[in-house]
Amino acid sequence: MSEDSPPKKEVAAVKGTHDILPGEVEKWQALERLARETFELYGYRELRAPVFEATELFEKGTGQTSDVVTKEMYTFTDKGGRSLTLRPEYTPSVARAIIEHRLDLQARPMRFYYMGPMFRYDRPQKGRYRQFHQIDVEVFGEQDPACDAELIGMADHLLRRLGVTDKEILVNSVGCRACRPAYSQALREEAGKRTAELCPDCRRKAETNPLRIFDCKVEACQSAARSFPEIQGFLCAECRDHFTEVLSLLGLYGIPIRVDPKLVRGLDYYTKTTFEFVSSGLGAQSALLGGGRYDDMMKDFGGPDICGNGFAIGMERLLSVVSLPLPERRLLYVAYLGGAAKRTAVELARFFREEGVECLVEFKDRGMKAHFGRANKLEASWVLVVGEDEIRKGRFGLKEMATGRQVEGTREELLGSLRG
RNA sequence: GUGGGUGUAGCUCAACGGUUAGAGCAUCGGACUGUGGAUCCGAAGGUUGGGGGUUCGAUUCCCCUCACUCACCCCA
C-alpha cells in the first residue's frame, strides 16, 4: 500500500561509542593477552563483576560530589523499579564483591585485575569516549608502601612490554584524613587571598575542593597555584614515612619517576599515594593510566576496614601510543574446481582444522585464477589445490604464496609442510 | 552543558554561483574453465548530512538543525 520508501534512517553507533573491527581488534587482543600475562606473573587474579550495579553503590563509592556521579552516569530504572547504573568505574564493584562474598575473611592481601567497558556520559573528544575500556588492578588489605611501589612497577613493566617509550610517571601523596584537612584549609586561605587572580571555576573549587585548583588549565590560575603551599609540608608522620618508602622502593626498582606535588586525582577517595602515567601525543587527555591508594573506601561502604590500592589503564589511550607487531596469520585457502571437488575441499578443510591449521574454504565456485586472486586478497599463506586429478590420486598441490613454491602430497604429508 | 573546525560515492579527495556532480583506490563483472599480485575493458555505487532562505540557477552564499571532530569542564 505505502509505496513510499521508509525515510532513510541514519544508522550509526551511539555518540561516543565505537566498533572495533577486524584489523584493529588484533591490537586489543594482544594488549589483553599481555596484560593478563603480566599481572598473573605478579600473582594477580581476574575478578569479573557485572557491567551494571545499583546506582547507590557508585554514589557511596565514587563520591556524591564527584562529577562522575553528579553528571556523567548512565542511570536507568529497570522493570522492577530499581535504579541501576552502567558502571563509570570499577573499584566500587570490586569492593562490593569483596563485602558480598566475605573475601575479606580470606588470606590477605587480595590481588585482582579486570578488563572491560566503562560508561560515562561525557562530551566525547580525543581519548575520551562514552563507552571506553579500562584495565583495572586492585589490591586490598595491604598497607605496606611496597604495595604501592609494586603496582607502579607492574604498570611500568606492562608498558615496557608494550614498547611504550614516550611516557612519564608522576607520583604524589595527597595525605590522609588526619593531615589533608589542614592542607586543604591552608590552600583555601591562600586561594582566598588570591581570589582576584582565579577563574570563576577555581573560586568555586577553593570552597569545595581546593586541591583541584592545581588541575586548572587557565594560565592565571596556574601561576597563582605555583606559589601555593605544597602538600609535603603538611603530611603527617605516617603519610610522610609511607611516601618516602614508596619513593625509595621505586628507586630500588630503577623506575624513573617525577614527584609532582600538584598531582591531585579527580576521584575523592584517594589517600596517601597517587600516581599517573602520562604521554605526549594523546592530545588534552594525556593520562594513560592513573591510580593510587584508597584506605578508607571499604570502610565507607560499611564494609570491613581494609585498605585498597590500585590503578586503571585507559585502553583506548594506551593503544593509541602502542605499536605492537601484529601476529602473523597463517591461513590455508582451499581452491577447488567443480562441484565434486567442492565436497572434497570441505572435507579437507575439516581435516586441516582438526590438526590446528587455520583453513578457509569459500563456497562460490570459481576458476583457478579467481581462487588465487581471492586467496591473495585474503592474504593466505598457502593455497591447497583440489581438482579432479588430485582427487583421483589422493595427492594435492600446496602452494606457498610468498615464495611461489608448490609441493604435492597426501593431506598427511602436506600437514608437515604446513607446520614446518 | 559551552566554544571552534569539518560534512560531496565504501575510503581519500576534486568541481569560478552555470550542461547530466567527477577522479583515484576499493567492490563486482569480463578479457581469463588448472595457478596469485599486473594490465586493459566495463558495471555498479550520490536526495552533495537534513531543512529553510537568497538567486533565473546553489555542492558553492546566508540561517537553522543534525552528525563527526578538537578543546573547555572532568577523567582512563
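Chain naming here is simple, since letters A, B, ... match the order of the sequence lines and numbering starts at 1 in each. What you are looking at is a predicted structure, and each value in this text was computed from that prediction instead of being measured.
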Compile the donor-acceptor pairs under 3.5 Å between side chains in residues 338-353 of chain A and protein atoms, sequence neighbours left out, one pair per line.
| from | atom 1 | to | atom 2 | distance (Å) |
| --- | --- | --- | --- | --- |
| A:K342 | NZ | A:F363 | O | 2.9 |
| A:R353 | NE | A:C359 | O | 3.0 |
| A:R353 | NH2 | A:C359 | O | 2.9 |

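For B:rC11 and B:rU69, the P atoms lie 14 Å apart once the distance is rounded to whole Å. Rounded to whole Å, the P atom of B:rC40 lies 22 Å from the corresponding atom of B:rG22.
Residues satisfying the ring-ring contact (aromatic ring centres under 6.0 Å, His included) test with A:F52, not counting sequence neighbours, are none. Residues passing the side-chain hydrogen bond (donor to acceptor under 3.5 Å, both in side chains) test with A:D260: none are found, sequence neighbours excluded.
Here B:rC75 is the nucleotide among B:rU35, B:rG36, B:rC75 with the atom lying nearest to any side-chain atom of A:R120. Closest to the side chain of A:Q285, out of B:rA76, B:rU69, B:rC72, is B:rC72. The side chain of A:E388 lies closest to B:rG34, out of B:rU35, B:rU69, B:rG34. Closest contact between the side chain of A:V385 and the listed nucleotides B:rU35, B:rU69, B:rC72 involves B:rU35. In the set B:rG34, B:rG37, B:rA71, B:rG37 carries the atom at the smallest distance from any side-chain atom of A:N376.
Remark: side-chain polar atoms of A:Y90 are not paired, donor with acceptor, to backbone N or O of A:G116 under 3.5 angstrom.
Nucleic acid contact for A:K369: base, since at least one base atom lies under 4.0 Å from a heavy atom of the residue.
Listed by first residue number, the stems of RNA chain B with at least three Watson-Crick or G-U pairs below 3.5 Å are B:1-7 with B:66-72, B:10-13 with B:22-25, B:27-31 with B:39-43, B:49-53 with B:61-65.
Across A:M401 and A:A375, no two heavy atoms sit closer than the pair CE-CB, 4.3 Å.
Phosphate contact (OP1/OP2 of B:rC72, side-chain N/O of A:Q125, threshold under 4.0 Å): present. Applying the 4.0 Å criterion to OP1 and OP2 of B:rU35, one finds that A:K399 has every side-chain N and O outside that range. The shortest distance between the side-chain N/O atoms of A:K71 and the OP1/OP2 oxygens of B:rC74 is not below 4.0 Å.
For A:E388, the CD atom is loosely surrounded, since the number of other residues' heavy atoms within 6.0 Å does not exceed 12.
In this structure, A:R130 satisfies the cation-pi test against A:Y121, with its NZ or CZ atom closer than 6.0 Å to the six-membered ring centre and inside 45 degrees of the ring normal.
A donor-acceptor contact under 3.5 angstrom links the side-chain atoms of A:R317 to the base of B:rC75.
The aromatic rings of A:F112 and A:F140 lie tilted to each other, with the angle between the two planes from 30° to 60°.
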Heavy-atom contacts, protein to nucleotides 24-30 of chain B, under 4.0 Å, summarised as B (base), S (sugar-phosphate only) or - (none) per nt, yield ---S-S-

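The list of salt bridge (charged side-chain N to carboxylate O under 4.0 Å, His left out) pairs with a residue in residues 372-387 of chain A, not counting sequence neighbours, reads A:E362-A:R374.
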